Amino acid sequence: MTSTIQAPPVAPGAPASRAAGGAGRRPSRITRLRPWLLFAPALIVLAVLLLWPLVRVVLFSLQDYGLREIVSGEPNWIGLDNYAEILADPSLWGVVLPNTVVFAVLSVAGTVAFGTAVAVLMASLGPFWRTIVGSAIMVAWAMPAVTGTYVWVWIFDADRGVFNQALQALGLQDDPVNWFTNRYSFFAIVLLNVIHHGFPFVAVTVLAGLLGVSKEMLEAAEMDGAGPFRRFFQVIVPNLRQVFTVVIILSTIWDFKVFAQVYLMPGGSGSNREVLNLGVWSYVESFGQNRYGFGSAIAVLLTLVLLAITVVYVRTMLKEEEL
Amino acid sequence: MLVVLLLAFTLFPVLWMLSSAFDAKAGIGAASILPREWSLENFRYVLTEGGFDVFLRNSAIVALVTVLASAVLALLASVAVARFRFKLRTALLLMVLVVQMVPLEALVIPLFVQVRDLGLLNTLLGLMVVYVALSLPFGIWMLRGFVAAVPVELEEAAYIDGASWGRMFRSVLLPLVMPGLVATSVFSFITAWNEFIFAMTLLGGATENYTVAIGLKQFFGEHSNEWGAIMAASTIITLPVMVFFVIVQRRLSSGLVAGAVKG
C-alpha cells in the first residue's frame with residue numbers, strides 16, 4: 001500500500017470515469033488511496049481467516065501434525081509422506097475417489113437436468129401455477145442441509161421409516177431393510193437429498209435466463225419449422241450458455257464437497273468406511289484420529305481438484321467479459 | 001400432471017417433517033401421512049427440556065452479527081472493485097473468487113488451530129469471525145455487479161450538485177444497491193444459520209454455546225432417536241430460513257442472475 005501513496009500524482013490508477021470525456025476531476029492522493037481504504041477491512045478478514053489458513057493447511061500436510069504438535073506448537077516435518085500414504089491407500093482408489101467423483105458427476109447431471117426441466121415447465125405455466133411451483137421449490141431450497149438430511153434419514157429409517165413401511169405395506173419386502181449399510185443405497189439417498197436441495201437454484205437461475213430469451217427469436221425459429229426440442233437446443237441453450245456454465249460449475253463445486261449430507265447419515269461419520277468421500281475422510285482422520293497432518297493432505301487434494309474446476313470457471317468468465 | 005408430481009417430490013420431505021413434528025407419537029408404531037395425535041408436545045419438549053431455546057438465541061446472535069459485519073465489509077470492498085481501477089484489482093477479484101471455492105474441510109483444520117490459539121474455541125465470537133470470512137467472498141462478488149450497474153452519470157450528477165463522496169454514497173449508491181444488499185444478507189444469514197462443520201468443530205466442547213444446526217444432536221440416542229423431537233426442532237430451524245426466502249424470493253432470483261451472470 002505504501003507504493004500506492006508514493007505513486008506519481010498523475011498515475012493512471014484514478015477512479016474510473018466512464019462518462020465520455022469526463023476528465024473533470026484530478027486524482028488526488030486520497031482518491032488514489034480510496035479503493036484500498038474501501039477494500040482493506042475485507043482484505044484483512046480474508047487474509048487472516050481464509051488465505052493464511054489455506055497456506056497453513058498446506059504446511060500441516062507436510063508434517064506429522066497430531067495432538068502433541070497441536071499442544072507444543074513444534075513442527076514435525078515429514079515431507080510428502082502423508083501424500084505418499086494417501087496415494088498408496090487402496091481405499092482411496094476403490095472407495096473414496098469413486099464415492100467423491102462418481103457421486104459429483106451423477107448429482108451435477110441430475111441437478112442440472114432436473115432443474116432445467118423444471119425451469120422449462122415453469123416457463124410454460126400460467127402466472128398462477130408458476131407462483132405455486134415457484135413457492136414450492138423455494139421451500140425445498142430453503143430447507144437447511146442439516147435438517148433436510150435428517151428428514152431423509154427419518155424417511156429411510158431402518159425401523160420406523162415411512163419408506164420401509166410403504167414397501168412392506170405394498171408387499172415388496174418382508175422385513176425392514178437398513179438402506180444405510182449398503183454403499184450404493186446410501187449414496188442413492190444422498191443423491192436424492194442433494195438433488196432435492198440443489199435443483200431449485202438451477203431452476204430459478206435457468207428460468208430467469210429463459211424469460212430473457214427474446215420472444216422474436218423463438219417465434220422466428222418456430223416459423224422456420226423448428227419443433228420444441230430444436231427450439232430448446234438450438235435457440236435457448238446457446239443463448240443461455242453462460243447461465244449453464246455458471247450453474248454447472250457451481251453445482252460441481254458444491255457436489256464435490258458434500259459433507260453434512262454424508263456425515264450425518266447413519267455410518268457416515270466414519271464408522272462405515274465404505275461410504276467415505278474425500279471431505280469426510282479428511283475430517284474423520286483429523287478430528288477423529290487426531291491426524292491433522294494426514295487429514296490436511298487429503299483436504300489439499302480435494303482443494304486441488306476444486307481449484308482445477310475453478311480455473312475452468314474463471315477462464316470461461318474471462319472469455320465472456322472483462323473482469 | 002407433471003406439476004403435481006413435481007410438487008409432490010418437492011414438498012414431501014417438508015410435509016413429512018411437519019407431520020412428524022406435530023405428531024405426539026412420531027416414531028412409534030406405523031407411519032402415517034397425517035399426525036395420529038395432533039400435539040405441540042414435541043415443540044414444548046425441545047424448547048424447554050431440550051435446550052433449544054438457548055440454541056436459538058445463540059444462532060440468532062451469531063447470524064445477526066455475521067449479516068451486519070459482512071454486509072458492511074462486502075459493500076465497501078465491492079465499491080472499491082466496481083468503481084475504481086487500481087493496481088492489483090484483478091488479482092484481488094480473482095483471489096475473492098478462488099477462496100470462495102475452497103472446501104470448508106480444508107479450512108476447518110487450520111482455523112480450528114487458529115481459533116484455539118486465540119483462545120476462542122467454544123465461544124460464539126470465534127464462530128462469528130469465521131462466518132463473516134466465509135460469507136464475504138460471495139457478498140463481494142455479488143454486490144460488485146449491483147454497484148457496477150449503477151450509472152456513473154448519477155454519481156457525477158451528485159458531484160456536480162456539490163455532494164461529497166460520502167454523501168453520494170449514502171443518497172445515490174446505497175438505495176440503488178439495496179436489492180443486492182438484501183440478497184447477500186440473506187445468503188450470509190443462511191450461511192450462519194445453517195452452517196454445520198465449523199459449528200461442530202469450534203463449539204464441540206460447550207453445549208451451552210451450540211447453534212441450532214448442531215443442537216439437533218441432543219435428540220439422537222445411543223439406541224433410539226427421538227424423531228418427533230428431531231422433526232420439531234428441524235421445523236423450528238427451517239422456519240426462519242423459509243420466511244426469509246419467501247420475503248426476498250423475487251430479489252433473490254434477479255440478484256442471483258445479476259450477480260452470477262452479468263457480474
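Below, read A as the first sequence line, B as the second, and so on, with proteins coming before strands; counting in each chain starts at 1. Side chains are part of it too, since the values below use all heavy atoms of this structure and drop only hydrogens, waters and symmetry mates. The shown structure was predicted, so the numbers you read here are calculated from the model rather than taken from an experiment.
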Visitor: By a 4.5 Å heavy-atom criterion (distance strictly below it), what part of A/V48 contacts chain B: side chain, backbone, both, or neither?
Guide: both
Visitor: What part of B/V243 lies closer than 4.5 angstrom to a heavy atom of chain A: side chain, backbone, both or neither?
Guide: neither
Visitor: Given a strict heavy-atom distance threshold of 4.5 Å, which part of B/L239 is in contact with chain A: side chain, backbone, both, or neither?
Guide: neither
Visitor: Side chain, backbone, both or neither: which part of A/V206 has a non-hydrogen atom closer than 4.5 Å to chain B?
Guide: neither
Visitor: Measuring heavy-atom distances to chain A, does B/S78 have an atom under 4.5 Å in its side chain, in its backbone, in both, or in neither?
Guide: neither
Visitor: Please state whether the side chain, the backbone, both or neither of A/L307 comes within less than 4.5 Å of a heavy atom of chain B.
Guide: side chain
Visitor: Judged by atom type as modelled, is there a donor-acceptor pair below 3.5 Å linking the side chain of B/E105 to the main-chain atoms of A/I298?
Guide: no
Visitor: Between B/F9 and A/F114, is the ring centre distance below 6.0 Å?
Guide: yes
Visitor: Would A/F39 and B/L88 count as a side-chain contact (heavy atoms from CB on, under 4.5 Å) if you check the C-alpha gap in whole Å, the side-chain angles of each, and the deciding distance to 0.1 Å?
Guide: CA-CA 12 Å; A/F39 208 92; B/L88 300 179; over 6 Å; no
Visitor: Is B/I230 in contact with chain A via its backbone, its side chain, both, or neither, using a 4.5 Å heavy-atom distance?
Guide: side chain
Visitor: Is chain A contacted by the side chain of B/M231, its backbone, both, or neither, given a heavy-atom distance below 4.5 Å?
Guide: side chain
Visitor: With a 4.5 angstrom heavy-atom cut-off, which part of B/L7 approaches chain A: side chain, backbone, both or neither?
Guide: side chain
Visitor: Any idea which of A/W254, A/W129, A/F287, A/F60 has the most non-hydrogen atom pairs under 4.5 angstrom with chain B?
Guide: A/F287
Visitor: Side chain from CB out, backbone as N, CA, C, O: work out which of these in A/V153 comes under 4.5 Å of a heavy atom of chain B, or both, or neither.
Guide: both
Visitor: Highest number of heavy-atom pairs under 4.5 Å with chain B: which of A/V118, A/L51, A/I137?
Guide: A/L51
Visitor: Report which part of A/L278 has an atom under 4.5 Å of a heavy atom belonging to chain B: side chain, backbone, both, or neither.
Guide: neither
